[in-house]
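One structure below.
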Amino acid sequence: MENNKKIIFSGIQPSGDLTIGNYLGALKNWVKLQDQYDCYYCVVDLHAITVRQEPKDLRKRTLEVLAIYLAAGLDPEKNTIFIQSHVSTHSEAAWLLNCYTYTGELSRMTQFKDKSKRYGEATVSVGLLDYPVLMAADILLYNADLVPVGKDQTQHLEITRDIAQRFNNLYSPTFTIPEGYIPEAGAKIMDLQEPTKKMSKSSDNPNSYILIMDSPDVIRKKISRAVTDTLGIVKYTDEQPGIKNLITIVSSITAMNPEEIEKKYEGQGYAQFKSDVADIIINELEPIQKKVNEFLSDKTYLESVYKKGAEKAYYISNKVLRKMQKKIGFIPKQ
Ligand code: AQP
């Protein structure tokens, strides 16, 4: 369906169980965009295998992530929701774009440097180095105008823009040059144990994150163990990164601003605040968890969603892929 809405592309890797970082930083905002934009939301399983995945876990998580997209409120009638590996144009376009990307550009990426350090240089795959090129293919194949990204992903978006410009200059205008889209309520949620680091689903320490599917008891325990400080004042300041992070979480769930939250807990210690933070998270997640479980028990429905999404995504992206092939000088199939 052609329309004049701006196009958005985004995705989450099924590389671990999703955290409230993924929910508050990405999903909750995606839901707000679905009426205003033409959105493509993808479960990026091809990206997930840039680090080793257990096949049965990957299979299970891919469906779980899809169920979470739906449970969080993404409507498959309004958005194109699909699984990346079902749409072969992504891998094909990534190969082509590889030939317009320099190894120097890729080896400078912070995520590549961080993950290579973490997993050990000897086991770093070419796929991990190539991650940004696949991401460029994802975005450029749909001529996305906007890409909602967290701060951690802005470098990758820059490289997407560089690759697109390079291709456009070499041949003729082919790709829309995408812009980053940082939503107003786009919070960055930090690690509960090391609040100067971002909360990450692949962290080795389960106390560092809250999963979307964590039970109320687990959420209470993790919040009560969250690192704070000895000042005893609920204040939104860089000097108290742990408390600041908890305020950010409350603020992005309740829409109360940090000043209102500070005021509410004036003169109280951290115990009451932490107990309320846990309740707020539990209340937000409980209905989503219930829906996730309902979706997961209806595999036929999930299948119908991802099949329909992949068909539409293939149709749109194949047009752009063919344009790329033609400009490069490949002989058309028919
Ligand atoms: N802590 C966070 N705060 C705000 N937003 C976050 N996102 C992730 N963590 C936070 C946003 O979620 C989207 C999808 O992320 P991804 O799964 O593609 O990869 P990621 O950003 O690398 O997320 P993780 O959890 O840290 O994954 P791993 O550990 O596998 O690398 C993005 O929009 C991201 O900004």
Side-chain angles (χ1 to χ4, degrees), residues 8-33 39-54 57-58 61-62 64-66 68-69 72 74 83-84 90 109-119 124-125 127-128 131-132 134-136 138-139 144 146-157 160 178 180-206 208-213 222 226 241-242 244-249 251-253 281:
I8 282 199
F9 180 95
S10 206
I12 298 182
Q13 306 181 65
S15 49
D17 295 325
L18 300 200
T19 70
I20 53 163
N22 299 122
Y23 174 65
L24 298 173
L27 273 170
K28 203 171 157 72
N29 295 308
W30 293 0
V31 174
K32 293 184 199 146
L33 303 173
C39 303
Y40 291 81
Y41 292 128
C42 183
V43 182
V44 290
D45 55 350
L46 295 173
H47 277 96
I49 63 160
T50 53
V51 300
R52 203 57 76 232
Q53 302 293 334
E54 190 61 48
D57 294 342
L58 180 62
R61 280 207 206 105
T62 301
E64 267 170 17
V65 173
L66 182 76
I68 290 175
Y69 281 11
L74 292 181
I83 297 170
Q84 190 184 26
H90 290 243
M109 293 291 109
T110 311
Q111 177 182 286
F112 173 68
K113 288 197 277 189
D114 287 353
K115 289 201 174 169
S116 328
K117 228 186 266 157
R118 187 156 136 212
Y119 294 102
V124 170
S125 69
L128 190 61
Y131 182 110
L134 179 60
M135 179 165 156
D138 297 338
I139 296 166
L146 299 169
V147 184
V149 279
K151 281 216 177 85
D152 51 314
Q153 291 288 344
T154 48
Q155 247 194 342
H156 291 165
L157 187 64
T160 298
Y181 178 86
I182 313 233
E184 269 169 58
K188 183 169 178 191
I189 308 302
M190 309 307 278
D191 183 300
L192 297 178
Q193 294 301 313
E194 289 177 68
T196 48
K197 257 177 45 184
K198 116 176 161 149
M199 184 182 284
S200 200
K201 60 174 124 65
S202 56
S203 160
D204 299 326
N205 180 0
S208 71
Y209 51 68
I210 289 187
L211 299 178
I212 296 179
M213 297 305 284
K222 287 182 178 177
K244 183 180 177 193
N245 188 35
L246 296 181
I247 295 178
T248 304
I249 293 173
S251 170
S252 37
I253 294 178
I281 299 173

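Atoms within each ligand, like the ligands themselves, are counted from 1 in listed order. Numbers here simply count residues along the sequence, with the first being 1.
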query: For atom 32 (C) of ligand 1, which of Ser202, Ala26, Gly21, Ser200 has the closest heavy atom?
result: Ala26

query: Against heavy atoms of Lys188, which atoms of ligand 1 measure under 4.0 Å?
result: 3 (N), 4 (C)

task: Mark up the atoms of ligand 1 that fall under 4.0 Å of a heavy atom belonging to Ser15, in ascending order.
output: 30 (O)

Under 4.0 Å to a heavy atom of Lys115 - the qualifying atoms of ligand 1, by number: 31 (O)

- prompt: Would you say the side-chain atoms of Asn245 pair up with the backbone N or O of Met190, donor to acceptor, closer than 3.5 Å?
  reply: yes

Smallest separation among heavy atoms of Phe9 and Cys42, with atom names: CZ-CB, 3.8 Å

- prompt: Do any nitrogen or oxygen atoms of Met190 lie less than 3.5 angstrom from nitrogen or oxygen atoms of ligand 1?
  reply: no

task: Could you check whether the rings of His156 and Tyr131 sit parallel, tilted or perpendicular, using 30° and 60° as the cut-offs?
output: tilted

- prompt: Is a donor on one side and an acceptor on the other found under 3.5 Å between the side chain of Lys222 and the backbone of Pro206?
  reply: yes

- request: Could you tell me which residues satisfy ring pair (Phe, Tyr, Trp, His ring centres under 6.0 Å) with His90, sequence neighbours excluded, listed by chain and number?
  value: Phe82, Tyr142

field: Non-hydrogen atom of Gly11 closer than 4.0 Å to ligand 1
entry: yes

task: Would you check the N or O atoms of Gln13, main chain and side chain alike, for any that come under 3.5 Å of an N or O of ligand 1?
output: yes

- request: Mind checking the CG-CD1 spacing from Leu211 to Ile68? Nearest 0.5 Å is all I need.
  value: 9.0 Å

Nearest-option assignment for atom 7 (N) of ligand 1, heavy atoms, candidates Asn245, Val51, Asn22, Val149: Asn22

